[in-house]
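Encoded as structure tokens, the structure appears first; notes follow it.
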Amino acid sequence: MVWETKHKAMNVTKVTGHLPPAKLNVRGRAPQKLSITFTPAELFGAMARCSHLHVINPSAATPEAETCRHLLHQYVDDTSEDFAILGSANRLKDFSRTHLAGVVGAGISYLQMVRDGYIWFDHFENFALAGPAPSSKSPDFVFSQIGHDTVAVSESKATRGSSRKQFDGTVKRGYIEQVAPYLGTKLGSSVVSHGYAIGSWMTSLSRAEILVHHTGTPIRSAAGPGEGPDPIDIRRGNYLNILSLLLGPRISRAARERTWTARGRRFVTARWLGHDWLLGMAPSHGAFAIADRGEPVWAALEEEPQVLWSFNAFALELGVARRVFDSLDTPITQVDPVSNIPVMSDRLIAEASDFDSAVFPDGFAVIGRDAKLENVSVIMPIPRDADKAQAAEDGEAAEAQKGVVGDEASEFGIISDVQEGVEQLEKNWLTE
């Protein structure tokens with residue numbers, strides 16, 4: 001039976017602390033959560049967010065993560081309590097096995113950090129160091145918690161072939177070479193106070209395990225959260241990566257450069273589990289036609305390829321989305337709205353799993369086909385400035401000539417006021 005709904009468990013079976021360097025603001029922390037559970041949708045969402053270094057097109061991210069989700073459906077059973085990849089997966093080509101282990105391992109590493117109390121993360125490569133890099137190697141991710149003015153870095157490792165002892169050595173080297181050199185380093189607006197190398201040992205055909213190497217805490221240490229503000233740039237990067245999955249890479253890159261605003265733009269939303277959600281969209285081209293010469297051509301031969309847009313399963317809680325959008329227009333001299341952003345409740349996270357879906361603490365969601373979306377509509381979450389209204393209307397009229405939404409046409413959220421177009425969009429959304 002393929003893995004569709006069963007909650008799976010993984011335990012942290014080995015924890016190894018490493019003596020921290022005598023640097024200011026370095027405060028070690030051992031993992032507090034030694035057992036995690038997750039659903040197929042939760043692992044899929046984690047893989048989709050972690051499998052790329054930089055913002056990418058959701059039409060590229062989704063198929064790659066979908067490929068791994070399909071493989072997991074086939075090579076993970078839906079009966080046992082423990083997560084493990086079945087032996088039948090060994091029939092895959094070696095490069096497919098390596099890719100599967102790497103993407104799954106990154107997703108498990110993310111879930112371990114989130115279950116351990118970290119809320120926001122970004123890819124390490126998106127941050128500038130205050131000085132020269134202390135090593136030619138670097139960790140994968142940067143995480144932050146509520147009330148902490150420092151951040152943690154993490155490196156993900158995974159295997160489906162090494163022995164447990166051999167793999168623990170790999171994880172140890174990951175910590176020493178990719179995590180430890182950055183302790184005490186200023187990264188963005190904050191300082192790296194501790195870090196983890198998290199290994200997913202999946203060689204066993206019955207029970208996968210998590211091995212962790214982390215920054216230890218000296219006996220005499222003032223461990224604990226700092227007294228400064230939360231690292232805003234980690235939170236902002238977290239949501240810019242989410243926008244890439246929802247709206248596409250062009251908008252995410254422009255938002256990171258503060259050259260794009262959501263003000264005055266329209267987005268598709270829906271009601272689900274008592275919350276409103278901003279829904280992500282992906283392009284779906286029209287059907288092919290066959291020409292007389294036997295060559296495939298687009299159905300509309302005399303025009304550009306027809307592009308339809310439909311729900312891509314990714315969403316962001318609308319209240320969170322509004323604060324993120326407000327943040328893009330907030331001058332850096334003022335308090336950033338993402339500094340006081342709501343965190344999703346444990347009840348909502350648990351309830352989502354009953355619908356083959358997943359909600360994460362930062363407001364990101366993967367909405368499955370079993371979910372009942374209500375009140376699907378097109379709204380303008382951030383009203384336009386009155387003095388810019390006419391200019392925006394003129395711009396939208398010009399953009400509407402290019403297409404509905406997306407990177408191939410114009411920017412996300414420019415939707416024609418023609419009622420038939422809106423109705424067709426909602427129809428595509430609900431029936432996809």
Side-chain angles (χ1 to χ4, degrees), residues 2-4 8 10 36 38-78 82-114 121-126 137-141 154-164 166-171 173-174 177-178 196-212 241 244-245 249 282 312-314 358 364 366:
V2 298
W3 186 33
E4 293 181 337
K8 293 290 184 176
M10 285 186 70
I36 65 172
F38 50 86
T39 64
E42 288 173 325
L43 183 54
F44 168 60
M47 292 189 303
R49 298 179 69 173
C50 296
S51 60
H52 288 269
L53 295 178
H54 302 290
V55 293
I56 60 168
N57 196 319
S59 62
T62 304
E64 181 184 41
E66 282 283 6
T67 297
C68 289
R69 176 157 72 165
H70 174 73
L71 291 174
L72 288 175
H73 278 184
Q74 301 302 315
Y75 298 120
V76 176
D77 68 59
D78 204 41
D82 295 316
F83 177 79
I85 296 179
L86 300 175
S88 53
N90 292 332
R91 294 195 295 267
L92 294 170
K93 289 288 189 179
D94 53 356
F95 55 83
S96 295
R97 296 197 302 269
T98 300
H99 178 259
L100 175 64
V103 176
V104 172
I108 291 172
S109 174
Y110 172 81
L111 291 175
Q112 168 63 28
M113 293 292 288
V114 169
F121 95 110
D122 197 2
H123 299 277
F124 181 87
E125 291 77 7
N126 288 332
K137 299 182 179 180
S138 61
D140 289 324
F141 309 114
S154 73
E155 170 64 19
S156 171
K157 300 294 184 184
T159 186
R160 288 201 62 249
S162 301
S163 68
R164 191 174 180 274
Q166 181 183 18
F167 181 60
D168 184 58
T170 300
V171 180
R173 287 192 300 274
E177 297 176 359
Q178 297 172 261
Y196 304 88
I198 301 175
S200 299
W201 183 68
M202 297 178 284
T203 302
S204 171
L205 303 182
S206 59
R207 188 185 71 168
E209 302 175 16
I210 300 174
L211 313 179
V212 178
N241 289 326
S244 180
L245 290 174
N312 66 4
F314 300 130
F364 176 70
V366 177

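Predicted model only: the values in this text are computed from it and were never measured.
- Nearest heavy atom pair, residue A46 against residue Y110, reads CB-CD2, 3.6 Å.
- Of all the heavy atoms in A158 and G105, the pair that sits closest is CB-CA, 3.8 Å.
- What you find for A358 and E42 is that their closest heavy atoms are CB-CG, 3.4 Å.
- No salt bridge links D94 with R160; every basic N to acidic carboxylate O contact stays at or beyond 4.0 Å.
- Judged by distance alone, the side chain of R97 and the main-chain N or O of N90 form a donor-acceptor pair under 3.5 Å.
- Remark: the backbone N or O of S162 is paired with a side-chain donor or acceptor of W201 at under 3.5 angstrom.
- Between N312 and F314, the shortest heavy-atom distance links the atoms OD1-N, 3.0 Å.
- Here Y75 pairs with nothing under the ring pair (Phe, Tyr, Trp, His ring centres under 6.0 Å) rule; sequence neighbours left out.
- Separation of atoms CD (Q112) and OG (S154) is listed at 10.5 Å; rounding is to 0.5 Å.
- For the pair F167 and T203, the minimum side-chain heavy-atom distance is 4.5 Å or more.
- Considering only residues two or more places apart in sequence or on other chains, R173 meets the salt bridge (Lys or Arg N to Asp or Glu O under 4.0 Å) condition with none of them.
- Listed by chain and residue number, nothing satisfies the side chain to side chain contact (heavy atoms under 4.5 Å, CB included) test with T98 (two or more places apart in sequence, or in another chain).
- Atom-to-atom distance recorded for E209:CD and M202:CE is 12.0 Å, nearest 0.5 angstrom.
- To the nearest 0.5 Å, atom CE of residue M113 and atom CZ of residue F121 are 10.5 Å apart.
- When all heavy atoms are compared, the tightest approach of A84 to R207 is CB-N, 3.7 Å.
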| message | If you apply the rule side-chain contact (heavy atoms from CB on, under 4.5 Å), what do you find for L71 with L92, and how did you get there? | response | CA-CA 10 Å; L71 291 174; L92 294 170; 4.3 Å; yes
| request: May I have the step-by-step check of side-chain contact (heavy atoms from CB on, under 4.5 Å) for E155 and K157, ending in yes or no? | output: CA-CA 7 Å; E155 170 64 19; K157 300 294 184 184; 3.3 Å; yes
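- Interatomic distance, F83 CZ to I210 CD1, rounded to the nearest 0.5 Å: 10.0 Å.
- Ring-plane geometry between F38 and W3 is classed as perpendicular, the angle between the planes exceeding 60 degrees on a 0 to 90 degree scale with a lower cut at 30.
- Across V171 and G199, no two heavy atoms sit closer than the pair CG2-CA, 3.8 Å.
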| said: Checking N241 against R49 for the side-chain contact (heavy atoms from CB on, under 4.5 Å) test, could you report, in this order, the C-alpha distance in whole Å, the side-chain angles of both residues, the deciding distance, and whether it holds? | reply: CA-CA 8 Å; N241 289 326; R49 298 179 69 173; over 6 Å; no
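- A distance of 13.0 Å separates CD in E4 from CG in L72, rounded to the nearest 0.5 Å.
- D140 places no side-chain N or O within 3.5 Å of a backbone atom of C50 that could act as its donor or acceptor partner.
- Considering only heavy atoms from C-beta on, K8 comes within 4.5 Å of D77 through its side chain.
- Here the CZ atom belonging to F44 is positioned 13.5 Å from the NE2 atom belonging to H70, to the nearest 0.5 angstrom.
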